[in-house]
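Below is one structure, written out as structure tokens; the observations come after it.
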Amino acid sequence: ASSLRGLRRDFRSSLRDKPDAAACHLLYSSTIVKSPPETYGNRKTPAFLQGLLTHLDTEIREIGLQQAHRNFAENYRVVIETEYDSTKEDVATGMRGGGTLVVGNHSSEVDLLPLLCSLPDHRDVHIIATADRFGIGPHYAEHLLPVYLSDRALQEGRAWFKWKRMLWPPAAISEQEKRKRNTETLERATQKLIDGATVVIFPEGAKGPGSSWEQGIGRIVDGMRDHWDNVQYLQSHISGTRNFLLELFRLVPPLQRFMPSMHVHFSTPQNVAEIFQPTSAKDPREITRQLEQHYRDWLKNIKEGTARNSHQ
């Protein structure tokens with residue numbers, strides 16, 4: 001904690017005494033972080049931001065993934081509001097009953113922060129996310145199930161992914177090798193769910209909010225057909241997060257109180273077998289389609305309920 005306070009104190013002092021110099025330091029002073037060479041090569045990250053990530057990684061080792069994110073949110077006065085279709089205890093009870101597949105919408109690079117902070121504690125949480133997150137640190141990497149974006153996904157994805165490609169160029173991995181590694185990641189995710197872990201996935205992938213879901217989630221669910229009765233399915237909707245560059249303003253103390261709160265809404269956990277029968281979900285494509293429609297219907301009910309309450 002002392003190292004984090006020191007970073008913040010130094011930056012506040014620089015911001016007060018020489019605001020232009022502080023801004024330049026934040027934007028241009030950088031450190032080279034060695035990522036596994038097979039992921040995204042060397043990650044060039046602003047020095048101040050890398051200091052925060054290093055501290056986060058250290059706390060993950062000491063107090064766990066979720067509590068480390070909660071401390072981060074508290075240190076930077078990030079207000080996170082949580083709602084449940086039922087209760088938090090119902091969600092926690094469902095997660096204790098076996099593996100839990102958590103799905104959420106994906107509108108920002110920081111969506112994981114409110115989700116991990118709001119999710120009931122679980123001893124074994126893993127995240128399906130882009131492989132460049134290896135650069136956060138080795139303890140974070142223990143929870144990462146890496147996805148390697150294809151060249152087409154990088155070109156067609158949201159603007160931030162295009163910027164990331166310029167800032168942190170991917171290592172030279174063939175498209176065939178990416179597909180192979182992604183298949184291995186999905187298989188690992190499936191096995192972790194069977195073993196009782198919690199796995200977080202954003203099925204919209206790199207395409208942005210409201211996009212059709214990628215078939216990775218269908219492949220995971222299809223791969224554990226014999227275990228549907230033992231795996232919970234938990235839907236979440238995240239709001240209040242912004243473009244990654246705008247979210248950086250949360251790190252500047254004078255601006256923190258002007259930043260909007262983040263919000264996470266959780267469904268009631270469902271047994272995967274309750275969502276559809278095996279005969280109605282014949283392959284990963286069909287499973288993906290049904291799960292996406294299930295999510296859209298749930299989200300519509302939330303919005304309609306909110307609208308009714310606002311008119312009462």
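Predicted model only: the values in this text are computed from it and were never measured.
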Considering all heavy atoms, the nearest Thr241-Pro114 contact: CG2-CG, 4.1 Å

Aromatic plane relationship, Phe202 with His106 - under 30° parallel, 30 to 60° tilted, over 60° perpendicular: parallel

Atom of Phe134, atom of Pro146 and distance for their closest heavy-atom approach: CE1-CB, 3.8 Å

ILVMFWY cluster, Ile63 and Phe72 together (side-chain gap under 4.5 Å): no

Any donor-acceptor N/O pair, Asn75 side chain to Asn71 backbone, under 3.5 Å: yes

Ile60 vs Glu142 side-chain heavy atoms within contact, under 4.5 Å: no

Rounded distance [0.5 Å steps], CG in Leu144 versus OG1 in Thr185: 8.0 Å

Under 3.5 Å: donor-acceptor pair, side chain of Ser236, backbone of Val103: yes

Nearest heavy atoms of Ser118 and Thr82, plus distance in Å: OG-OG1, 3.0 Å

Minimum heavy-atom distance between Val199 and Leu145, given as atom pair plus value: CG1-CD1, 4.1 Å

Basic-acidic side-chain contact under 4.0 Å: Lys180, Glu184: yes

Test item: Pro260 and Arg242 side chains (from C-beta on) under 4.5 Å apart, heavy atoms: yes

Leu116 side, atom CG; Thr198 side, atom OG1 - distance, nearest 0.5 Å: 10.5 Å

Enclosure of Gln176 CD (heavy-atom neighbours >12, cutoff 6.0 Å): no

Under 3.5 Å: donor-acceptor pair, side chain of His143, backbone of Val125: yes

Lys/Arg-Asp/Glu bridge criterion (N-O < 4.0 Å) met for Glu292, Arg296: yes

Atom pair CZ/CG of Phe266 and Asp90 - distance to nearest 0.5 Å: 13.5 Å

CG-CD distance between Leu115 and Gln66, expressed to the nearest 0.5 angstrom: 8.5 Å

Close side-chain approach of Ile220 to Ile128, heavy-atom, < 4.5 Å: yes

Atom pair NE2 (His265) and OH (Tyr84), whose distance is rounded to the nearest 0.5 Å: 10.5 Å

Residues Glu187 and Gln191: side-chain donor-acceptor under 3.5 angstrom: no

Test item: Trp228 side-chain N/O and Val221 main-chain N/O as donor-acceptor pair under 3.5 Å: yes

Side chains of Ile127 and Arg133 in contact at under 4.5 Å (non-hydrogen atoms): no

Any donor-acceptor pair under 3.5 Å from Asn182 side chain to Val147 backbone: no

Donor-acceptor under 3.5 Å (Glu204 side chain, Gly210 main chain): yes

Within 6.0 Å of CZ in Arg285, more than 12 heavy atoms from elsewhere: no

Closest heavy-atom pair and its distance - Ala68, Leu56: O-CD1, 3.7 Å

Side chains of Ile287 and Arg225 in contact at under 4.5 Å (non-hydrogen atoms): yes

Minimum side-chain heavy-atom gap Arg179-Glu175 below 4.5 Å: yes

Verdict with reasoning, Arg70 to Glu74, per salt bridge (charged side-chain N to carboxylate O under 4.0 Å, His left out): CA-CA 6 Å; Arg70 291 183 187 122; Glu74 182 179 357; over 6 Å; no

Gap between atom CZ of Arg250 and atom CZ of Arg77 - 0.5 Å precision: 13.0 Å

Exercise: identify the closest heavy-atom pair between Tyr148 and Ala131: CE2-CB, 3.5 Å

Side-chain donor-acceptor pair present, Thr93, Arg96, cut-off under 3.5 Å: yes

Mutual orientation of the aromatic rings belonging to Tyr140 and His69 [parallel < 30°, tilted 30-60°, perpendicular > 60°]: tilted

Sub-4.5 Å side-chain heavy-atom contact between Glu62 and His139: no

Qualifying residue, where the test is side chain to side chain donor-acceptor pair (under 3.5 Å) with Arg219 and the options are Thr288, Asp283, Thr183: Thr183

Transitive ILVMFWY side-chain link Val79 to Val264, under 4.5 Å: no

Heavy-atom side-chain contact between Ile238 and Ser107 under 4.5 Å: no

Backbone of Ser108 reached by a side-chain donor or acceptor of Asp111 within 3.5 Å: yes

Short side-chain donor-acceptor distance under 3.5 Å, Thr268 and Asp85: no

Intermediate values then yes/no, side-chain hydrogen bond (donor to acceptor under 3.5 Å, both in side chains), Asp124 and His122: CA-CA 6 Å; Asp124 195 15; His122 193 274; over 6 Å; no

